[in-house]
Amino acid sequence: MVMLAYLNGDQPNSNYVETLTRWPSRFVAVYKPSTEVCVKAKQVYEKSMSEIFADGSGVCFSTEVVIDMNQRACRGVRADGLNLSCSFGGQWLEKYMDPATVMNNCRWVFNFMDENGLMLMAAHEHEESSLVAILGPHVHGEYRDTLAARHRQSFAILEAQAYASFLERRGKSLEEVLEWVYGVYFHEEYGIDGFGISLPSKGGTWLDRCKGIASEIERAIKEYELYSKYGAIENEYLRYEQFRSFGDASALLERKYAVAGEEFLVWANPLLSDQSLLSFVEGKENDGYRSLFDLIASEDIKKDDYQDPFRKDIERLIEEALVTEDPVTGRLEPTQRAMCLCKVWDSGAIVARRYGGKAGADIEGLVSQGLLKYHDGLFTPDEASFLNYMLNDSQQTNAIGLRNKYSHASGLIKDPNADEIRFDYYTMLALLVSITLKINDELLEVKWSPSGIDFVDWPFNDESVYETAAQFNKRGQTGRGSLGDMR
């Protein structure tokens, strides 16, 4: 009665109301909303969203994906404020439609993974400003999405839809390619038997296709988990394999990722936080640098530019080998150890096994000091959290839970071909592509040496990519080195 009175009252908070619409079953011991409360919350939330955005309020951004038959280069991108457009060369995509190249396109051309094998759709704690992160109410146990992550998610979903439609018009199928990966490629390339998925045909309704792909995502993960445990996939074991969390899937080799350790924030905050006072130097106040790392990577900054106690903070960073001081000019610059912390700050993890030499030694040293620690999962913690948020409903209080939504009857379906259901299908298709690429990268790591791909005699990036990069490489958006430079 109290909750219904709140929902029927004046201006109930939309953030809290949204949480009630997706209250997870694991929190029923704390509070179990009645059916009336859940239904009322959904009605109130939808009405409030319509009213809030009726006058054009809010932050608006758009993402566009185009397969351009007139574009020769594989990739192009254009930016206009918060509106981004990605174009992909139809000439390349049409010329090479064999299953192996289709999957290579998903890995290297489209925006499902970065060059080091991290999923691009997952959100990361530090990729939004500290001010934005603390604004508004926060719900216990929520998944914290970000504007940047929603951009990446939109691109991945649109790209999955665009590529699937492109192939379908030419008598091919992205779903059949995924079936080929599990049923044929894993056997022929890695000598592994037992993998196999069966995705729904295009003849069914979008509801039927959602139900089918949801169960096959679970099958793919169960098959991988069996292989990681026993080195083989026996069908007799599959029915007993329990799937609870994407975080349970183990890597096949140790020390796969390096993630934040207990001492990470002690040193990362002064170096990388937008709240660090070290990023403010007299004469550079209005240049828009996000952090000390960005400032000293871009400007000629010296220790003498700081007064105590900030100069002592710089000296401690130098002693920790996170900042270096040129012995001749006195200029401060971030070290390769600092680049390691920067990568974890920005992306949540480093694929540690891919780095040897000086980079590998730096990672090992940071782990020994507690700034980083190793993580031996198939997915990084950020990736596992994102996949649980999207597909399961038992981890976060605001989970989307698509797999559970379509594996169990969760409401009346008036139109099995509704746009919302169609969108859910392509969302799960993008997730399955990402999961498949992660599994393949893992098997490749064990069986062979991982490497990139060469687009021989074919331009990879259109000129628009470099022009757009120049727009973002203004002051305050530069200086973030990549571990690829540290090999």
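Between the side chain of S154 and the main chain of R150, a donor-acceptor pair closer than 3.5 Å is present. Between the N392 side chain and the G401 main chain, no donor and acceptor come within less than 3.5 Å of each other. Not one N or O on the side chain of E127 forms a donor-acceptor pair closer than 3.5 Å with the backbone of D346. No donor-acceptor pair under 3.5 Å is formed between the side chain of D80 and the backbone N or O of N83. Under a 3.5 Å cut-off, the side chain of S215 and the backbone N or O of G212 do form a donor-acceptor pair. The closest donor-acceptor contact from the side chain of R403 to the backbone of E218 lies at 3.5 Å or more, if one exists at all. A donor-acceptor pair under 3.5 Å is formed between the side chain of E179 and the backbone N or O of L199. Within the 3.5 Å criterion, the main-chain N or O of E299 finds a donor-acceptor partner in the side chain of R331. Here the side chain of Q91 pairs a donor or acceptor atom with the backbone of M69 at under 3.5 angstrom.
Within the model, atoms CG of L292 and CD1 of I301 stand 9.0 Å from one another, a figure rounded to the nearest 0.5 Å. Atom CG of residue D393 and atom CG of residue N404 lie 4.0 Å apart, to the nearest 0.5 angstrom. To the nearest 0.5 Å, atom CD1 of residue I213 and atom CZ of residue R219 are 13.0 Å apart. Once rounded to the nearest 0.5 Å, the distance linking CG of L429 with CD1 of I157 reads 10.5 Å. Summarising the geometry, atom OH belonging to Y224 is positioned 13.0 Å from atom OG1 belonging to T436; distances are rounded to the nearest 0.5 Å. F423 contributes atom CZ, which lies 7.5 Å from atom CG of L158 (distance to the nearest 0.5 angstrom).
Counted by atom type alone, S273 and Q275 present zero donor-acceptor pairs between their side chains at under 3.5 Å. A donor atom on one side chain and an acceptor atom on the other are found under 3.5 Å apart for D294 and S291. Defined by atom type and a distance below 3.5 Å, a donor-acceptor pair is present between the side-chain atoms of Q396 and S385. Donor-acceptor pairing under 3.5 Å is lacking for the side chains of Y389 and N398. At a cut-off of 3.5 Å, with distance as the only test, no side-chain donor of N417 or R422 sits close to an acceptor on the other residue. Defined by atom type and a distance below 3.5 Å, a donor-acceptor pair is missing between the side-chain atoms of Y182 and E223. Residues S245 and D248 bring no donor and acceptor atom of their side chains to less than 3.5 Å of each other.
Within a 6.0 Å radius of CD in E125, no more than 12 heavy atoms belonging to other residues, nucleotides or ligands are found. Residue-environment remark: NZ (K211) stays at or below the threshold of 12 foreign heavy atoms within 6.0 Å. Within 6.0 Å of the CZ atom in R244, the count of heavy atoms belonging to other residues, nucleotides or ligands does not exceed 12.
Taking all atoms of both residues into account, the shortest heavy-atom contact from M428 to L391 is CG-CD2, 4.1 Å. Annotation for E216 and I197: closest pair OE1-CA, 3.3 Å, computed over non-hydrogen atoms. Counting all heavy atoms, side chain and backbone alike, A352 lies closest to A258 at CB-N, 3.9 Å. Taking every heavy atom of both residues into account, F112 and C106 meet most closely at CD1-O, 3.3 Å. N461 and A73 get closest at one heavy-atom pair: C-CB, 3.7 Å. Minimum heavy-atom separation, I67 to A162: CD1-O, 3.7 Å.
A tilted orientation is assigned to the rings of F195 and Y227, their planes being inclined by 30° to 60°. Between W92 and Y96, the angle of the ring planes lies from 30° to 60°, which puts this pair in the tilted group.
Ion pairing between a basic and an acidic side chain is recognised when a charged N comes within 4.0 Å of a carboxylate O; E383 and K256 show no such pairing. Between K447 and E189, no side-chain nitrogen of the basic residue sits less than 4.0 Å from a carboxylate oxygen of the acidic one, so the salt-bridge criterion is not met. Taking a cutoff of 4.0 Å between a charged side-chain nitrogen and a carboxylate oxygen, E176 and K172 do not qualify as a salt bridge. Comment: R144 engages E128 in a salt bridge, judged by a side-chain N to carboxylate O separation of less than 4.0 angstrom. At a threshold of 4.0 Å, the pair K343-D362 does not count as salt-bridged, since none of the basic side-chain nitrogens sits closer than that to a carboxylate oxygen.
Between M103 and V181 there is a side-chain heavy-atom pair separated by less than 4.5 Å. Between I439 and F186 there is a side-chain heavy-atom pair separated by less than 4.5 Å. You'll find the side chain of F246 reaches within 4.5 Å of the side chain of I435, heavy atoms only. L207 is not listed as a side-chain neighbour of D415, based on a closest heavy-atom distance of 4.5 Å or more. The closest side-chain heavy-atom distance from L443 to L252 is below 4.5 Å. You'll find the side chain of D208 stays beyond 4.5 Å of the side chain of P200, heavy atoms only. F243 places none of its side-chain heavy atoms less than 4.5 Å from the side chain of I217. In this structure, the side chains of V102 and Y163 come closer than 4.5 Å at one or more pairs of heavy atoms.
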Carefully, step by step, assess Y190 and Y185 under the rule ring-ring contact (aromatic ring centres under 6.0 Å, His included).
CA-CA 8 Å; Y190 307 120; Y185 180 76; 5.7 Å; yes

After noting the C-alpha distance and the side-chain angles of Y257 and L118, does the key distance pass the side chain to side chain contact (heavy atoms under 4.5 Å, CB included) rule?
CA-CA 10 Å; Y257 302 111; L118 297 178; 4.0 Å; yes

Between D98 and W180, does a side chain to side chain contact (heavy atoms under 4.5 Å, CB included) hold up when you go through it step by step?
CA-CA 11 Å; D98 59 282; W180 171 84; over 6 Å; no

Stepwise side chain to side chain contact (heavy atoms under 4.5 Å, CB included) test for Y374 and E254
CA-CA 8 Å; Y374 289 116; E254 295 180 345; over 6 Å; no

Do N111 and C86 pass the side chain to side chain contact (heavy atoms under 4.5 Å, CB included) test, and can you show the C-alpha distance, the side-chain angles, and the key distance before you say yes or no?
CA-CA 10 Å; N111 295 295; C86 274; 3.9 Å; yes

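Taking K42 as the reference, E46 meet the salt bridge (Lys or Arg N to Asp or Glu O under 4.0 Å) condition, with sequence neighbours excluded.
Across Q71, R75, R72, a single residue satisfies side-chain contact (heavy atoms from CB on, under 4.5 Å) together with P459, and that is R72.
Aromatic ring centroids of W206 and Y426 lie under 6.0 Å apart.
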